Amino acid sequence: MNPHIHANARRDRLRAKLAQDGVDAYLISGVANVTYLTGFKGEASHLVVSKNKDILVSDARFTEQIKNECPGLEAIIRPPTKKTLDMVAEAIRSIKALSIGFECQVLTVSDFESLKELLPECSWLATRERVETQRMVKEPIEIEAIRAAIQMAQDAFVSLNKSLMPSQTEKNVADELERLMRSMGAQCAAFPIIVAAGLNAALPHAIPSQHCIGNESLLLVDWGASSPSGYKSDLTRVLDTHNFSKTSGQVESKDKLRKIYSVVQKAQKAAFDAIKPGVKALDVDRAARQLIAEAGFGEYFGHGLGHGIGLQIHEAPWLRPGSETVLEPGMVFTLEPGIYLPGWGGVRIEDNILVTSSGAQYLTGISRELDDNIIA
Ligand code: ZN
Ligand code: ZN
């Protein structure tokens, strides 16, 4: 499978939107958007897409990489004496584009002001999510890349669980998990890994500390791999470490963990069952949120239900209240309901889901049962 053929077809799909927006060209500045449309994995570059011609504007760090990753694509390489925006202006002038759609959620105000000065003859249209909506529905080659990123993350997690020691700190565990993912083929972790023991798990985005995991009766791990192709996975599991820890009052705490875990698990299942093409993202969020609220924990689920994954760890579609996105086959996103109780801890269960023609499919395969996640 030749990746640049995919990139050409993706640019053609974007090109088809020029007429709708009534512009001569798009200026694409989002790093993941440029990668998606060209196959180029570097950064700090812009892509001009017009009716007849596409031009990648980059700098000399990437000359060779661009030749390898984007054969056939015209590139303007900035010399050290020039600014990138000067070259962007040159690219736009060379194709005689007079109206430009730019990515208003990406381009900085400062860069926009400079471009207006450099190109006084041009008119500018602020556009939103022209490429992001394309990226939202994954091609088979992308789904395979996400599956690979999931496999690396899962294999690393299974291996990690065999070697956990009560004396390890949250930070030790996070470091070890990243090392394992890299050894299983990951380029790096998809985001800073969260390892939170006991009370710290009440913070949905806890930073791994020097706190020993053996002092607590639950351990929340939120991790994912970035595959060599740049696609990402994102999972969360809670481990029952009662038999592992030295704390007292474990029976009460164990029952509480079972109860809360079961609510979160049912919420995720309710969301999963609500997924099918044509359903709005907000309805899937609501299915989980309602179940948690009915169990009496509504105020302790303070974040959205899920987010798309792909070249970025957080991307469209967004599953949260108010999200009008209509689900389509090929969308890949997380389902990650959680309950966070200050002074106790938290439970989140996060899996990666593919929307199919008739419903949904779990891409993640490691057990979501608490009984299978007991560390002794
Ligand atoms: Zn996560
Ligand atoms: Zn997530």
Side-chain angles (χ1 to χ4, degrees), residues 32 132 135-136 138 142-143 145-147 149-158 160-161 170 173-175 177-178 180-181 186-197 200-208 218-227 230-239 261 264-265 267-268 271-272 275 281-282 284-285 288-289 292 301-321 323 325 327 331-340 345-355 360 362-368 373:
E132 285 83 350
R135 284 170 45 203
M136 201 158 62
K138 265 65 184 177
E142 297 181 280
I143 295 168
I146 294 171
R147 281 186 196 275
I150 290 171
Q151 188 73 47
M152 292 162 197
Q154 294 191 153
D155 289 350
F157 188 68
V158 169
L160 174 88
N161 288 354
E170 294 170 345
V173 175
D175 292 348
L177 185 50
E178 172 143 9
L180 285 164
M181 285 198 291
Q187 193 69 29
C188 54
F191 53 89
I193 295 169
I194 297 169
V195 175
N200 289 350
L203 311 171
H205 269 201
I207 296 166
L218 73 85
L219 187 68
L220 183 150
V221 183
D222 186 342
W223 81 107
S226 187
S227 74
Y231 283 82
K232 298 174 176 46
S233 57
D234 184 7
L235 296 91
T236 305
R237 287 292 180 269
V238 166
L239 301 172
Y261 195 95
V264 176
Q265 199 175 9
Q268 199 203 50
F272 180 84
I275 299 170
L282 62 87
V284 179
D285 177 276
R289 202 166 296 282
I292 290 175
F301 175 29
H303 56 74
L305 176 67
H307 53 86
I309 52 171
L311 286 170
Q312 285 177 298
I313 189 60
H314 297 120
E315 58 181 52
W318 307 99
L319 287 93
R320 60 189 175 206
S323 178
T325 306
L327 301 187
M331 287 182 174
V332 176
F333 49 77
T334 70
L335 289 181
E336 49 180 305
I339 295 176
Y340 311 92
V347 171
R348 174 165 69 254
I349 306 173
E350 180 175 25
D351 283 276
N352 302 159
I353 306 294
L354 168 68
V355 181
Y362 277 101
L363 296 178
T364 34
I366 48 174
S367 177
R368 287 174 288 282
N373 285 300

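These numbers come from a predicted model, not from an experiment. One-based numbering, in listed order, for ligands and for the atoms of each. Starting from 1, each residue takes its place in the sequence as its number.
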Checklist entry - With respect to Arg348, which candidate in Val238, Ile194, Val264, Ile339 satisfies the side chain to side chain contact (heavy atoms under 4.5 Å, CB included) definition? => result Ile194
Checklist entry - Below 2.8 Å, any N, O or S contact between His307 and the Zn ion (ligand 2)? => result yes
Checklist entry - Is there a side-chain contact between Arg368 and Arg237, using heavy atoms and a 4.5 Å cut-off? => result yes
Next on the checklist: Within rounding of 10°, what is the angle whose vertex is the Zn ion (ligand 2) and whose arms end at OE2 of Glu336 and OD2 of Asp234?
Outcome noted: 150°
Checklist outcome for this item: Taking the Zn ion (ligand 1) as the apex, Glu350 OE1 and Asp222 OD2 span an angle, rounded to 10°, of 100°
Item to check | His314/Phe191 aromatic ring centres below 6.0 Å | outcome: no
Next on the checklist: Taking side chain to side chain contact (heavy atoms under 4.5 Å, CB included) as the criterion, tell me which of Asp351, Val332, Ile353 meets it with Leu363.
Outcome noted: Val332
